[in-house]
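Numbers here are sequence positions counted from 1.
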Amino acid sequence: MKRTVVIIGGGAAGMSAASRVKRLKPGWDVKVFEATEWVSHAPCGIPYVVEGISPKEKLMHYPPEVFIKERGIDLHMRAEVIEVEQGRVRVREQGGEHTYDWDYLVFANGASPQVPAIEGIDLPGVFTADLPPDAVAITGYMEKHDVRDVVVIGTGYIALEMAEAFVSRGKNVTLIGRSERILRKSFDKEITDIVEEKLRASLNLRLKELILRFEGDGRVEKVITDAGEYKADLIVVATGIEPNTELARELGVKIGETGAIWTNERMQTSVENVYAAGDVAETKHIITGKRVWVPLAPAGNKMGYVAGSNIAGEDITFPGVLGTSITKFLDLEIGKTGLTEDEAIKEGYDVRTAFVKAETKPHYYPGAREIWLKGVVDNETNKLLGVQAVGAEILPRIDTAAAMLQAGFTTRDAFFTDLAYAPPFAPVWDPLIVLARVLKF
C-alpha cells in the first residue's frame with residue numbers, strides 16, 4: 001500500500017531519511033519541506049566559505065535536482081512548516097499556504113543559534129554562523145564594507161573555526177568568551193592550554209569577559225565588555241545552539257531531558273509513526289548509556305538513515321554516540337572521542353589518566369611533528385573511557401580510539417592492537433600505543 005512520508009528539514013538527516021525511504025519503497029510519496037533554498041547542506045563548511053577556500057555552492061552535497069529527478073523525492077524549498085497536527089502539516093511556501101497529509105512524519109529540522117539578549121545585537125554587521133545563508137551574508141558584507149577588525153563571541157567549535165577563517169584572511173581578530181577556558185565543555189585543561197597558547201599567538205584572546213553591548217552608528221563599530229571595549233567592523237556570535245522543538249511540542253511529542261526530542265533506538269518518538277533525526281533529536285551515550293544531545297553531522301546522517309529504514313519496514317537500530325569530533329586552528333588539530341576526565345568523574349567513574357607527548361614520525365624521517373594525547377581509563381575495569389588529542393596528524397589516532405571505545409577495549413587491548421608502521425607514516429611506537437602503555441594494564 002502506498003504511504004506518504006513527510007520530512008521537515010532538508011539537511012543531512014532529512015535527506016538521508018528521504019533517500020532511504022525512496023530506495024526501499026520507490027512507490028511511496030516522500031515529501032521534504034526545507035525552509036531555506038539549501039538542501040543536503042553542510043553547515044560545517046561555513047567557516048571555509050568565509051575563509052575563501054570553498055565556494056558557497058559546494059555547501060550542498062547534492063544539488064536539488066539529484067533528489068527530485070534521480071531519487072523521485074517531492075522536494076519543497078523555501079517551504080516553512082508552520083503547523084503540525086496528527087496526519088497533516090500546514091506549510092507556508094511560494095504561492096501561499098498549503099496543507100499536506102502524512103502517514104509517517106520525520107522531524108529533521110535541526111537546531112538554531114542561541115542569540116543572547118545583547119543591546120545592539122540587531123545592528124548590521126552582527127551575524128551568526130549556523131546555516132549556509134549565513135556564509136553568504138558574511139562574505140557579502142565583507143565585499144561591501146571595509147572590514148578590518150572582527151570580533152568573534154564564544155569559546156566553542158564554531159567560534160574557534162570562525163576565528164580561524166578571519167585570521168586566515170588577514171583580519172585583526174578578537175575572540176571573547178565568558179568561560180575561563182576555550183573549548184571548556186569538550187576538552188580537559190591539558191589540551192586547552194595548548195590551544196590557548198596557539199590562539200594568543202594569532203589573535204586577541206579575551207576570556208572571562210561578559211558582553212555588555214554592541215555599539216555603532218548605522219552598523220556595528222565596537223563591542224563593550226565588563227573589562228574593556230574592542231573595535232569591531234564585523235561580529236560573529238557563536239554562543240551555542242538549541243534544538244528546534246517547537247513543532248514537535250505542538251504534536252505532543254515527548255521532549256527528552258537534554259531539551260531535544262526523545263527518541264528510541266529506531267529514531268521513533270513517543271508519538272506513533274513520528275520519527276526524529278539529526279540535531280533536533282537526542283540519543284544515548286555509548287559508554288554511559290545516558291541520554292545525550294550531540295549535534296554533529298556524522299550522527300545526524302546515520303540517524304536519518306535509521307529513521308528512513310525503519311519507516312520503510314526494515315528493523316535497524318542506532319547504537320548511540322561517543323561525541324567523536326575534530327577541528328583545527330591554523331595548523332593545530334584538536335580532537336576527542338568518549339569522555340574527558342571531568343566528564344568521567346561527574347559520571348561517577350574512578351579514573352586514572354595519562355598525558356603524553358610524542359612525534360608523528362621517527363626522528364630520522366623528515367616532517368615529524370608534535371602530538372599530545374590524553375587518555376582516560378576506568379580503574380575498575382581497565383576499559384578506555386576517552387581519548388583527546390592536540391597537535392598534528394591526530395585524525396587516525398582519534399578514529400582508531402573511537403573504534404576501540406565502541407568495541408569496549410581495555411588498555412591491554414589497545415596496547416596490543418596491531419597498527420601499521422613505516423617511517424613515512426608513523427613511529428614504530430605509535431603515539432596511541434605509547435598512551436596505552438603509559439596508562440598501564
Side-chain angles (χ1 to χ4, degrees), residues 1-36 38-41 61-62 64-93 97-110 243-254 261-281 283 299-318:
M1 182 182 297
K2 184 177 181 179
R3 292 284 187 264
T4 298
V5 181
V6 164
I7 297 169
I8 305 174
M15 299 316 298
S16 291
S19 297
R20 187 62 177 159
V21 172
K22 286 299 287 188
R23 177 172 288 274
L24 296 174
K25 298 289 185 180
W28 284 18
D29 180 16
V30 177
K31 300 181 184 297
V32 176
F33 297 102
E34 168 56 41
T36 74
W38 301 76
V39 294
S40 185
H41 51 73
H61 190 68
Y62 293 108
E65 292 74 20
V66 169
F67 298 105
I68 297 169
K69 296 178 180 179
E70 296 182 17
R71 301 186 184 180
I73 295 169
D74 184 13
L75 176 59
H76 297 238
M77 301 173 68
R78 296 181 180 175
E80 181 185 2
V81 177
I82 56 176
E83 186 178 14
V84 176
E85 56 186 43
Q86 189 61 46
R88 61 176 54 88
V89 295
R90 187 158 60 92
V91 184
R92 182 186 297 123
E93 53 190 327
E97 293 184 3
H98 301 94
T99 299
Y100 300 90
D101 294 336
W102 56 266
D103 298 299
Y104 294 94
L105 179 68
V106 181
F107 288 104
N109 49 327
N244 296 322
T245 59
E246 295 83 0
L247 291 173
R249 292 175 190 270
E250 282 185 14
L251 194 59
V253 169
K254 178 181 177 181
I261 296 175
W262 178 92
T263 63
N264 64 16
E265 293 178 336
R266 291 169 176 79
M267 308 317 300
Q268 296 167 312
T269 72
S270 60
V271 175
E272 186 177 6
N273 294 337
V274 178
Y275 293 70
D279 291 357
V280 77
T283 181
N301 274 288
K302 293 169 189 172
M303 287 178 176
Y305 181 94
V306 169
S309 297
N310 284 297
I311 289 170
E314 290 203 345
D315 186 9
I316 182 171
T317 59
F318 183 68

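Rounding to the nearest 0.5 Å places CD1 of Ile261 at 13.0 Å from NZ of Lys254. To the nearest 0.5 angstrom, Tyr275 atom OH is 8.0 Å from Asn264 atom CG. Going from atom CD1 of Ile73 over to atom NZ of Lys31 covers 12.0 Å, rounded to the nearest 0.5 Å. The CD atom of Glu250 lies 10.5 Å from the OG1 atom of Thr245; values are rounded to the nearest 0.5 Å. Atom CD of Glu80 sits about 11.0 Å away from atom OG1 of Thr36, to the nearest 0.5 Å. Interatomic distance, Gln86 CD to Leu251 CG, rounded to the nearest 0.5 Å: 6.0 Å.
Listed by chain and residue number, Arg90 satisfy the salt bridge (Lys or Arg N to Asp or Glu O under 4.0 Å) test with Glu83 (two or more places apart in sequence, or in another chain). Residues forming a ring pair (Phe, Tyr, Trp, His ring centres under 6.0 Å) with Phe318 (at least two apart in sequence, or on another chain): none. Remark: Trp262 engages no residue in a ring pair (Phe, Tyr, Trp, His ring centres under 6.0 Å) (not counting sequence neighbours). A search for side-chain hydrogen bond (donor to acceptor under 3.5 Å, both in side chains) contacts involving Lys302 returns nothing, not counting sequence neighbours. Legend: residues meeting salt bridge (Lys or Arg N to Asp or Glu O under 4.0 Å) with Lys25, ordered by chain and number and at least two apart, are absent. With sequence neighbours excluded, the residues forming a side-chain contact (heavy atoms from CB on, under 4.5 Å) with Asp279 are Ala111, Pro295, listed by chain and number. With sequence neighbours excluded, the residues forming a side-chain contact (heavy atoms from CB on, under 4.5 Å) with Ala17 are Ile7, listed by chain and number. The side-chain contact (heavy atoms from CB on, under 4.5 Å) search around Glu93 returns His76, Ala79, Val91, His98, Tyr100, not counting sequence neighbours. A search for side-chain hydrogen bond (donor to acceptor under 3.5 Å, both in side chains) contacts involving Asp101 returns nothing, not counting sequence neighbours. Under the rule for a salt bridge (Lys or Arg N to Asp or Glu O under 4.0 Å), Asp103 has no partner lying at least two apart in sequence or in another chain. Residues that satisfy the salt bridge (Lys or Arg N to Asp or Glu O under 4.0 Å) test with Arg78, not counting sequence neighbours, are Glu37.
The heavy-atom pair separating Ala12 from Ser16 by the smallest distance is O-OG, 2.9 Å. When all heavy atoms of Gly304 and Ala277 are compared, the pair lying nearest together is N-CB, 3.7 Å. When all heavy atoms of Met15 and Gly10 are compared, the pair lying nearest together is CG-O, 3.1 Å. Taking each heavy atom of Gly252 and Ser270 in turn, the nearest pair found is O-OG, 4.1 Å.
Two residues are said to be in side-chain contact when any heavy atoms from C-beta on lie closer than 4.5 Å; Asn310 and Ile316 meet this criterion. Counting heavy atoms from C-beta outward, Leu105 and Phe107 have side chains that approach closer than 4.5 Å.
Sorted by first then second residue, the salt bridge (charged side-chain N to carboxylate O under 4.0 Å, His left out) pairs that include residues 1-23, not counting sequence neighbours, are Arg20-Glu314.
Taking 4.0 Å as the cut-off between side-chain N and carboxylate O, Glu85 and Arg88 count as a salt-bridged pair.
Annotation: Glu246, atom CD; neighbour count of heavy atoms from other residues, nucleotides and ligands within 6.0 Å is above 12.
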